[in-house]
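Below is one structure, written out as structure tokens; the observations come after it.
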Amino acid sequence: MTPELLGQAVCAAIADVVAAGNINVPVPDDVVIDRPKVREHGDYATPVALTLAKTAGVSPRTIAEALAQRLRLVPGVIEVEVAGPGFLNFRLSAATQGELAGQIVESGSRYGHGQSLTGLRINVEFISANPTGPLHLGHTRWAAVGDAIARVLTAAGATCAREFYVNDRGVQMDRFGASVMAAAHGKPAPEDGYHGAYIVDLAANIVAEMPGIRDVPSDEQLIAFREAAYERQLAQQQRVLELFGTHFDVWASERALHDSGAVPRALQTLREQGHVYDLDGAVWLRTSAFGDDKDRVLVKANGELTYFASDTAYYLDKRNRGFDRVIYLLGADHHGYVNRLRAVAACAGDTPADSVEVLIGQLVKMMKSGEEVRLSKRAGNIITLEDLVDEVGVDAARYSLIRYPVDSPLTLDLDALVQRTNDNPVYYVQYAHARICSVLRNAEGLAINWPGQGYDAALLTDEREGELLRALAEFPAVVATAAELREPHRIPRYLEQLATAYHRFYDGCRVLPRTDEALTGEHIARLWLCAATRQVLANGLELCGVSAPERM
RNA sequence: GCCCCCGUAGCUCAGGGGAUAGAGCAAAGGUUUCCUAAACCUUGUGCCGCAGGUUCGAAUCCUGCCGGGGGCACCA
């Protein structure tokens with residue numbers, strides 16, 4: 001029995017009590033089922049009686065007693081206790097808790113996946129860096145977290161697209177081109193240009209591949225350098241992200257948005273909605289009518305389209321492509337955009353609360369040897385995604401970026417991330433997985449065909465087996481909550497608890513028969529438990545985009 | 001000035017209204033004749049920033065203040 005099923009049993013009991021006329025309350029669809037911290041409070045507990053007491057006008061303990069009487073009859077429930085002010089504490093039989101291990105092994109990689117977001121089409125946009133340089137640490141946080149969010153949403157049943165918006169149009173691109181061109185001629189970058197060492201490398205690479213480029217007239221040459229540099233820089237970002245395990249379904253180009261006429265079409269749509277007006281020669285969107293501080297300019301007085309105009313067109317483009325909900329993941333330095341993005345949706349006739357979501361991520365710092373790392377090998381004064389991966393590897397980088405809620409600033413301690421100790425959670429979790437794989441390999445070596453033998457869950461009576469089973473049972477709820485709240489950090493946190501439960505089990509419960517021992521049903525049951533745990537660790541790591549090694 | 005985020009053990013941080021607030025690190029000690037010791041066990045630590053409020057119940061929700069970080073554009 002899982003906590004979900006127990007919750008249903010509690011609801012059914014409430015319905016019974018109400019039907020019997022003992023109390024009069026609306027019957028809830030689901031109830032809170034806790035795993036008590038204190039062992040004396042049972043395997044599971046619920047405070048429903050306390051919540052119901054007020055509307056029922058009956059004391060919590062009276063309600064709890066009435067419920068307990070019925071719940072004691074539920075198969076698998078061996079004890080129901082009314083405790084404290086009116087908590088219901090449950091104890092379940094080993095057999096009923098243990099069924100789960102078999103179900104997990106059967107479900108395989110699907111275990112933990114649910115239907116809570118089925119039918120929802122979600123667009124997750126993240127990173128969206130200018131193609132004018134390497135991806136830095138802030139981008140890297142989103143590369144890990146954004147991808148994990150998409151994975152978790154998908155696991156909850158949503159249809160989810162990962163999207164990267166390429167700002168390949170505008171002044172920054174020209175400055176970028178000018179900087180590379182200057183470097184190609186051995187000159188320093190312009191004052192407002194780009195400076196890192198990568199600019200010089202890029203210039204050298206372009207000159208090598210396009211020998212005549214420095215001879216064309218300077219205005220054409222500027223464009224040629226800009227385009228060549230753009231192409232290479234974008235390819236570099238794409239390559240690095242693939243290496244990092246973050247795959248984008250769509251690379252949306254700002255230029256393409258303009259070239260396709262989507263921007264003027266968007267302006268037209270917004271005009272039809274009645275929120276566009278002209279003032280001082282510029283064209284404005286009345287975002288202030290929907291919570292923005294001030295109205296925003298779409299077309300400048302000189303006729304140029306603003307970046308904001310592209311943004312609005314891009315939003316409409318996503319909606320036209322059939323997404324119910326668009327999620328933006330932005331750095332804290334962009335939090336001022338939240339209201340205007342919501343206002344854009346409102347101006348377009350949507351309900352922002354339903355169609356737009358903006359997640360704001362705080363900044364990331366790296367520490368090494370007790371000092372903040374500020375200099376990059378590649379990019380001068382910014383730290384890049386590749387710098388981090390060079391230092392700690394993809395798994396440790398992704399895991400540690402996902403492990404913390406995004407709304408708190410994050411400091412990565414590189415010294416800890418390369419350690420192979422408990423101080424480094426990614427190894428702790430991966431080690432649990434590898435350890436199980438080793439046990440399963442040994443079982444095979446001993447020719448123990450556990451999947452072919454009857455699995456008797458009732459044999460899993462050790463306290464540590466119960467704890468492990470209850471940890472396994474939590475996984476689907478953890479995934480659903482992570483998806484609902486867009487909080488993927490819940491996955492690693494959970495995996496660490498699960499790994500602890502496994503290590504304790506392993507420490508106290510011998511899985512394989514010793515050399516002089518005969519194979520028993522207990523060994524078989526424990527192998528099923530190991531296999532189930534391995535599956536959940538693997539499924540959880542998969543949601544993080546972190547590998548589940550079979551050996552370490 | 002206005003807006004967003006944070007404030008929990010010596011350090012780094014979890015804790016989406018429930019019982020006695022938790023992990024890791026750091027400190028000290030212990031566990032392996034056979035499944036991976038990258039593990040496990042034991043020992044100590046708290047005005048949950050402050051003050052009010054809502055609630056049967058608040059670290060959690062609301063308001064105000066204090067402290068720290070970030071942001072305000074016909075820039076991109």
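Numbered from 1 within each chain, the chains take letters A, B, ... in sequence-line order. Because the structure is predicted, anything quoted here is derived from the model rather than measured.
The existence of a salt bridge linking E463(A) and R39(A) is confirmed by a sub-4.0 Å separation between a basic side-chain nitrogen and an acidic carboxylate oxygen. Between D462(A) and R464(A), at least one side-chain N (NZ, or NE/NH1/NH2) sits under 4.0 Å from a carboxylate O, which counts as a salt bridge.
Taking every side-chain heavy atom of Y431(A) into account, A38(B) is the closest of C74(B), A76(B), A38(B). Minimum atom distance to the side chain of T515(A) is reached by C34(B), of the listed A19(B), C34(B), A38(B). Of the candidates U36(B), A38(B), C74(B), the closest approach to any side-chain atom of R420(A) belongs to A38(B). Nearest nucleotide to the T51(A) side chain, out of G18(B), A73(B), A39(B): G18(B). With A38(B), A76(B), C74(B) as the choices, the nucleotide that has an atom nearest any side-chain atom of A301(A) turns out to be C74(B). The side chain of Y506(A) lies closest to A37(B), out of G18(B), U12(B), A37(B).
At whole-Å resolution of the value, OH in Y428(A) and C1' in A38(B) are 11 Å apart. The distance from atom CG of L88(A) to atom P of A19(B) is 15 Å, rounded to the nearest whole Å. For H503(A) and A39(B), the NE2 to P distance is 7 Å, given to the nearest whole Å. When the P atom of C40(B) is taken as reference, atom CZ of F505(A) falls 14 Å away, rounded to whole Å. The CZ-C1' distance, from R435(A) to A37(B), rounds to 7 Å in whole Å. Across the protein-nucleic acid pair, E522(A) atom CD and C35(B) atom P stand 17 Å apart, rounded to whole Å. In this entry the distance linking CG of L50(A) with C1' of A19(B) reads 10 Å, nearest Å.
Contact between the side-chain N/O atoms of K300(A) and the OP1/OP2 oxygens of C75(B) is found at a separation under 4.0 Å. Neither OP1 nor OP2 of C72(B) sits under 4.0 Å from any side-chain N or O of K294(A).
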Close N/O contacts between protein and nucleotides 1-11 of chain B (under 3.5 Å):
residue	atom	partner	partner atom	Å
C3(B)	O2	H335(A)	NE2	2.9
C4(B)	O4'	H335(A)	NE2	3.4
C5(B)	O2'	D407(A)	O	2.3

Close N or O pairs between protein and nucleotides 20-26 of chain B (under 3.5 Å):
residue	atom	partner	partner atom	Å
G24(B)	O2'	N422(A)	O	3.4

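Contacts of V511(A) with the nucleic acid, taken as non-hydrogen atoms under 4.0 Å apart, include base atoms. Heavy atoms of A432(A) sit nowhere under 4.0 angstrom from any nucleic acid atom. Counting any heavy atom pair closer than 4.0 Å across all strands shown, R340(A) reaches sugar-phosphate atoms only and no base atom. Residue E550(A) is in base contact, counting any heavy-atom pair closer than 4.0 Å across all strands shown. Within 4.0 Å (heavy atoms only), P405(A) reaches sugar-phosphate atoms of the nucleic acid but no base atom.
For T481(A) and G16(B), a side-chain-to-base donor-acceptor distance below 3.5 Å is present, hydrogens and geometry of angles not being considered. One donor-acceptor pair, N or O on each side, does fall under 3.5 Å between the base of A76(B) and the side chain of Y337(A).
Across the C1' atoms, G22(B) and G69(B) are found 26 Å apart, a figure rounded to whole Å.
In RNA chain B, consecutive stretches of 3 or more Watson-Crick or G-U wobble pairs with both distances under 3.5 Å are given as paired ranges: B:1-7 with B:66-72, B:10-13 with B:22-25, B:27-31 with B:39-43, B:49-53 with B:61-65.
In this structure, the side chains of F87(A) and D34(A) stay at 4.5 Å or more apart for every pair of heavy atoms.
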